[in-house]
Amino acid sequence: MRDANPQTIYLKDYTVPEYLIHNVALNFILDDEDTLVRSRLTLSRNPASYSPNKSLILLGENLKLLGVNLDGKDLAKDQYLQTQDALIVNNVPQQQRFELTIENTINPKANTALEGLYLSNGMLCTQCEAEGFRKITYFLDRPDVMTSFTTTLVGDKDRYPVLLSNGNKVAQGELPNNRHWVTWEDPFNKPCYLFALVAGQLECIADRFTTQSGREIDLQIFVEKHDIDKCDHAMQSLKNAMRWDEQVYGREYDLDLYMIVAVSHFNMGAMENKGLNVFNTKFVLARPDTATDSDYEHIEGVIGHEYFHNWTGNRITCRDWFQLSLKEGFTVFRDQEFTGDRTSRAVKRIEDVNMLRTRQFAEDAGPLAHPIRPDAYIEINNFYTLTVYEKGAEVVRMVHTLLGAEGFRKGSDLYFERYDGQAVTCDDFVSAMEAANDIDLRQFRRWYSQAGTPVLTVRQHYDASAQTLALTIKQSCPPTPGQAVKESLHIPVTMGLLNKDGSAALCKLEGSDRASDEVILQLTQSEQTFVFEGLAEQPVVSILRGFSAPVKLVMDRSLDELAFLLSHDSDTFNRWEAGQQLAGQIIAGLIADVQNGRELHVNPVMVDAFRQVLEQPWDDLSYFSLLLGLPSETYLGDQMEVVDVEAIHTASEFVMRALAEELESQFFALYQANHKDESGKFDAGAIGRRRIKNICLSYLGKLENINVQRLAQQQFNTAKNMTDQMAALAVIANNPHPAKQRCLDSFYRQWQEEALVIDKWFALQASSHMPGTFETVKALMQHPAFDLKNPNRVRSLVGAFSQSNPLHFHAANGQGYQFLADQIIALNTLNPQIASRMVGALTSWRRYDESRQALMKAQLERIISTEAISKDVYEVASKSLARQD
Ligand code: TRP
Ligand code: ZN
């Protein structure tokens with residue numbers, strides 16, 4: 001182990017920095033293997049610090065220190081101390097400013113962790129969030145130390161023709177020996193995690209944006225030469241995001257230049273470095289024939305996300321890393337709304353909730369559960385979680401629901417005005433919302449400190465003589481590690497009532513003189529009863545509309561009631577949800593039948609519900625296609641006491657096939673009606689047609705019928721866009737199709753030059769439920785195109801197999817677990833962040849049967865005993881194994 005006893009950092013220990021940095025001048029002499037960094041810092045004692053410690057402690061890791069100079073004098077070796085992770089300078093001035101110059105070297109080529117300065121396919125780039133800057137030079141590497149950066153890059157003209165950093169280019173020149181230099185100046189103070197540099201052989205597309213106040217902004221996207229034809233969509237997305245932030249939040253861009261660089265080796269999605277975003281190629285590059293409709297949508301979403309960070313993250317940043325959700329939760333909420341406005345609100349909300357419920361709820365119910373503002377961590381990189389991001393966004397959404405759009409805007413205006421240029425806390429955000437709206441959010445703040453998914457249990461009582469409906473809602477929250485007792489939360493519950501004919505019944509709460517189609521109940525106690533008056537007949541309740549809070553709902557519903565809501569609810573989310581619950585209940589019954597060896601029959605209520613949906617006319621075809629989707633196998637597993645991957649898979653396949661048999665003609669007609677040649681069209685209409693057509697194909701694919709096989713093959717052969725090609729290939733590869741191997745091979749040959757398409761090829765095979773998948777995955781590990789040093793490849797093979805293939809990953813003999821542990825152990829030394837992410841698939845071991853539990857646990861123990869284990873992997877593996885009581 002790197003550190004025999006990895007240290008835990010606590011929020012309660014926060015103290016202000018002992019020193020402040022007024023400005024920094026960085027100078028890089030670039031070299032792939034030996035980059036020289038000179039940093040000149042102007043510092044002074046922080047008057048707000050009461051710390052008795054007088055030494056200056058700068059953080060740094062893996063640095064080769066060449067020299068330290070204080071106010072013009074070179075320091076002797078006994079005037080400073082270099083430790084594993086710090087440089088301690090003893091006698092620094094306490095009363096006035098002083099200048100410290102540090103020289104060190106680093107080796108970007110040896111950096112496979114992709115944090116700090118590293119090489120991505122021959123291009124030098126940086127990743128500093130959260131604590132990567134300390135791998136570049138010694139610094140006060142914490143987000144509440146903000147300063148102005150001037151950066152000079154020097155390098156060989158052929159090797160590094162393009163030299164980029166944050167802010168504006170202020171000077172450049174030539175040097176002897178074929179070298180050149182560029183100086184960048186960022187006028188905005190920022191923490192070092194927002195620093196970036198990029199150097200290499202890059203091509204660029206340029207455009208312009210005129211802000212609402214009439215300023216002209218230069219926009220540039222840099223990529224490898226080969227990808228220059230795949231940048232247009234990203235550029236358009238950027239302009240859309242800039243306009244949207246002006247219109248919805250009144251926020252304008254501040255620098256004169258906005259640059260995006262796409263790199264192939266990247267640990268996450270993208271990074272919001274000031275004026276110089278660095279992106280995973282996956283979230284930039286798109287051409288109709290290489291990217292699917294959902295890729296197009298995700299690109300726009302991530303471009304928006306990073307752009308929106310300029311205000312929520314950069315201008316106003318986090319005081320410490322426990323406040324990460326301050327910028328991430330808010331920014332995810334902003335990007336969700338942006339995508340909702342650009343595409344289909346209904347569809348975007350359902351996709352987000354689906355993800356939250358299958359993945360974040362599992363995190364919140366497992367051994368790594370933590371509040372959106374955690375109070376302790378070993379390795380901060382492990383806290384870029386679904387909880388901090390997605391649940392954090394839900395918490396901001398609830399504020400939006402409680403205040404209304406106008407009140408929320410007043411709150412965000414005040415937030416930007418009050419805290420611009422500062423490093424603040426989640427509490428400051430809530431305070432601004434409170435102050436602008438004259439509302440008390442004291443109880444609401446518990447969402448920031450309490451982990452676990454609350455459960456709402458709803459009972460209803462209709463009194464025919466009084467014409468009232470009483471809704472009793474109980475809230476509870478299961479214990480999570482370190483939090484046995486939970487307090488009641490302030491939960492907004494949006495709801496409506498439906499008459500028997502499907503029309504809206506008025507909601508009029510007892511004691512209120514207002515009646516409306518929809519109300520927001522304010523749940524604050526452990527149990528509360530809401531009485532609705534003036535209801536001549538018993539209404540059907542539509543509750544938690546739009547998924548107004550990140551909770552689990554328990555409510556007895558008959559299949560008929562669910563079918564009724566599926567056809568009549570005016571709330572698009574609840575309408576879809578009713579269908580999911582209907583299917584979920586029926587499949588749960590089938591799972592029990594499989595487990596008990598009973599013959600399987602599909603309930604006619606389900607077939608009728610599907611038939612009704614299929615026979616209605618729909619405007620929003622994307623939404624329509626979601627109504628035809630079944631709950632995922634992962635979601636079905638979450639509903640079970642003990643997850644039985646085999647029974648779930650058998651039941652799900654059975655239902656799909658049964659629906660395909662019963663409704664073959666409808667699926668076929670719908671396929672034909674929407675199968676058009678409109679490649680390259682990305683309007684909602686064309687996207688919706690592809691989506692509905694391809695879901696029909698996925699049902700028809702279950703029929704093992706020669707006509708359907710031909711249909712899939714034909715679509716595969718003639719597709720002109722990746723959406724259609726991939727959908728056809730998925731149907732071919734996931735069913736006993738005679739041309740399966742031939743199609744996979746031809747796909748590879750066609751796309752071998754396009755890394756992102758080859759990622760899809762790996763992922764598709766890794767997530768196949770066909771027999772022999774494990775052997776395929778092992779063989780693919782040896783494929784010349786596989787590379788453990790490329791995170792996208794690892795995610796597409798190891799990640800897809802362990803996270804998207806429950807059936808094969810959880811094979812009863814434990815081979816899937818052992819395989820995953822092997823890869824984690826190999827990745828632990830290469831890239832701890834990616835290794836630690838991969839451990840996630842073993843974390844939920846308590847959810848499986850005893851035999852699988854033992855096998856998974858054994859692999860976690862094997863991982864933990866890895867020599868030189870990283871803090872990243874150690875934290876996740878040890879917390880996964882920790883006793884839960
Ligand atoms: N701030 C980035 C985002 O949300 C996240 C990120 C990108 C990141 N790269 C990282 C976090 C590396 C930790 C490590 O957009
Ligand atoms: Zn972010």
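Just follow the structure's listing: the first ligand is 1, and inside any ligand the first atom is 1. All heavy atoms count here, side chains included; hydrogens, waters and symmetry mates do not.
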Working note: Ile869 + Asn828, criterion side-chain contact (heavy atoms from CB on, under 4.5 Å); need CA distance, chi angles, decisive distance, verdict. CA-CA 7 Å; Ile869 193 170; Asn828 173 64; 4.0 Å; yes
Distance under 4.0 Å to a non-hydrogen atom of Lys327: what atoms of ligand 1 satisfy this? 1 (N)
His298 side-chain N/O to Ser294 backbone N/O, donor-acceptor pair under 3.5 Å: yes
Ala270 heavy atoms within 4.0 Å reach ligand 1 at atoms 2 (C), 3 (C), 5 (C), 6 (C), 7 (C), 15 (O)
Atom indices of ligand 1 within 4.0 angstrom of Met271 heavy atoms, with elements: 1 (N), 2 (C), 7 (C)
Are Gln127 and Gln833 side-chain neighbours, meaning at least one heavy-atom pair lies under 4.5 Å? no
Under a 4.0 Å heavy-atom limit, does His309 contact ligand 1 with its side chain, its backbone, both, or neither? side chain
Distance filter under 4.0 Å to Gln127 heavy atoms, resulting ligand 1 atoms: 9 (N), 10 (C), 12 (C)
If we number the atoms of ligand 1 from 1 as shown, the ones under 4.0 Å from a heavy atom of His305 are 3 (C), 4 (O), 15 (O)
Determine whether Tyr118 and His265 satisfy the following criterion, ring-ring contact (aromatic ring centres under 6.0 Å, His included), listing intermediate values before the conclusion. CA-CA 9 Å; Tyr118 67 92; His265 289 58; 7.9 Å; no
Shortest-distance N, O or S atom of Glu328 relative to the Zn ion (ligand 2): OE1
Identify, for atom 14 (C) of ligand 1, the protein heavy atom at the shortest distance, and state residue, atom and that distance. Glu129 O, 3.2 Å
Which of the numbered atoms in ligand 1 are under 4.0 angstrom from any heavy atom belonging to Glu272? 1 (N), 2 (C), 3 (C), 15 (O)
So OG of Ser878 and CD1 of Ile378: to nearest 0.5 Å the spacing works out to 5.5 Å
Going by distance only, is there an N or O of Tyr384 that falls short of 3.5 Å from an N or O of ligand 1? no
Min side-chain heavy-atom separation Lys190-Thr317 under 4.5 Å: no
Is the closest heavy atom of Asn381 to ligand 1 under 4.0 Å? yes
When you measure from the centre of the six-membered ring of Phe195, is the NZ or CZ of Lys274 closer than 6.0 Å and no more than 45° off the axis? no
Got an N/O contact under 3.5 Å between Gln833 and ligand 1? no
Knowing that exactly one of Arg397, Arg349, Arg342 qualifies, which makes a side chain to side chain donor-acceptor pair (under 3.5 Å) with Glu337? Arg397
Under 3.5 Å between any N/O of Glu306 and any N/O of ligand 1: does that happen in this structure? yes
What's the shortest distance from atom 5 (C) of ligand 1 to any protein heavy atom, and which residue and atom give it? Tyr389 OH, 3.3 Å
Phe416 and Trp311 aromatic ring geometry - parallel, tilted or perpendicular at 30°/60° bounds: perpendicular
